[in-house]
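Okay, structure first, notes after.
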Amino acid sequence: HLLVTPLFEGTTVVGTVGLLRHAGAPQYNEREVGLATEVSARVSAALERAQLHHRLSESEKRYRLITDSVGDMVFRVDDGCFEWASPSVSAVLGWDNQELRGRPIADFVHPDDRDYRDALASTTSREEIRIRGRLRGRDGGWLWVESSISPYVDSDGTVSSQVVMARNISDQVLAEQSAQRALDDLAYRSSHDMLTGLRNRDQLISDLDRRLASRSAGTLVAVLFVDV
């Protein structure tokens, strides 16, 4: 007598479990059929877990291969702490993966960049966030980075951590700050007298026009001229 039960992977039959008795033995009873079915279900579940583990392992290998080959820094933040960092983090910041693993991300974010720190630690956002901030290097200096922060969603649909790709933009930020200072200086020079530091005539007339335009009906405006 032969009793065969199928093995499933999802809805696909991938094998069978068979029980064999000699011809003179009694037929399989309901309890034995139920036991064989349970064994088949347990084996099917074990096969599915093994396949899932294999797929996850292959996916992790591909992920590591990609992140190890890109120049941008890549790291994963879990519960506000570093879980993993790509080799490029060591090249840019000086910290290696073992030094960062398990340490709070807040220890490496500039105290003034609270929005950046909060974005890195968030486990509620399901949208990609692009944000700038400063990270501390091993030498104690601060590097400006532009980060793309994406949620890492578990199989049950919950956001468990953040995957971050960060690019060193320190030179770009310094150039932007230098350009802004030049614009601010130009604006100051165009509105102030360089000898006295007081607002020049063009700025005075502009301010007077603005105040006249914004005054209420019937309000008088007085102008006092002092020759220095």
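Please read all numbers here as calculations on a predicted model, not as lab measurements. The figures that follow rest on heavy atoms only: side chains count, while hydrogens, waters and symmetry mates do not.
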>> Can you give me the closest heavy-atom contact between Asp72 and Ser88, atom names plus distance?
In response: O-OG, 2.8 Å
> Which heavy atom in Asp96 sits nearest to a heavy atom in Ser90, and how many Å separate them?
Replying inline: CA-CB, 4.1 Å
> Does Trp95 have its ring centroid less than 6.0 Å away from the ring centroid of Phe82?
Replying inline: no
>> For Ser161 versus Asp78, what's the shortest heavy-atom pair and its separation?
In response: CB-CA, 3.8 Å
> Where is the tightest heavy-atom contact between Ala85 and Phe75, given as atom of each residue plus distance?
Replying inline: CA-CB, 3.9 Å
>> Let me confirm one number: the CD1-CZ distance from Ile149 to Arg130, rounded to the nearest 0.5 Å.
In response: 10.5 Å
> Tell me the ring-ring contact (aromatic ring centres under 6.0 Å, His included) pairs involving residues 193-217, sequence neighbours left out?
Replying inline: none
> Taking the side chain as C-beta and beyond, is there a heavy-atom pair between Gln162 and Ser150 under 4.5 Å?
Replying inline: no
> In Å, rounded to the nearest 0.5 Å, how long is the span from CZ of Arg211 to CG of Asp209?
Replying inline: 12.0 Å
> How long is the span from the CG atom in Leu186 to the OG atom in Ser190, to the nearest 0.5 Å?
Replying inline: 5.5 Å
> Does a side-chain heavy-atom distance below 4.5 Å link Phe108 with Leu93?
Replying inline: no
>> Using a 3.5 Å distance criterion without hydrogens, assess whether the side chain of Asp113 forms a donor-acceptor pair with backbone atoms of Arg134.
In response: yes
>> In this structure, would Met73 and Ile131 fall into the same cluster of hydrophobic residues linked by side-chain contacts under 4.5 Å?
In response: yes
> Pairs in or reaching into residues 172-187: which pass salt bridge (Lys or Arg N to Asp or Glu O under 4.0 Å), with residues at least two apart or in two chains?
Replying inline: Arg132-Glu176, Asp185-Arg189
>> Could you measure the distance from the CG atom of Leu120 to the SG atom of Cys81? Nearest 0.5 Å is fine.
In response: 12.0 Å
> In terms of hydrophobic clustering (I, L, V, M, F, W, Y; side-chain heavy atoms under 4.5 Å; direct or indirect links), are Val173 and Val92 co-clustered?
Replying inline: no
> At their closest point, which heavy atom of Val109 faces which heavy atom of Arg117, and how far apart are they?
Replying inline: CG1-CB, 3.9 Å
Got a list of side-chain donor-acceptor pairs under 3.5 Å for residues 137-145, not counting sequence neighbours?
unit_1 : atom_1 : unit_2 : atom_2 : d
Arg138 : NH1    : Glu99  : OE1    : 2.8
Arg138 : NH1    : Glu99  : OE2    : 2.2
Arg138 : NH2    : Glu99  : OE2    : 3.1
Asp139 : OD1    : Gly141 : N      : 2.9

> In this structure, are over 12 heavy atoms from other groups packed under 6.0 Å from Arg167 atom CZ?
Replying inline: no
>> For Asn97 and Val89: C-alpha separation, side-chain torsions, deciding distance, then whether side-chain contact (heavy atoms from CB on, under 4.5 Å) applies.
In response: CA-CA 8 Å; Asn97 185 41; Val89 174; over 6 Å; no
>> Ignoring hydrogens, what is the shortest heavy-atom contact between Trp84 and Val74? Give both atom names and the distance.
In response: CZ3-O, 3.9 Å
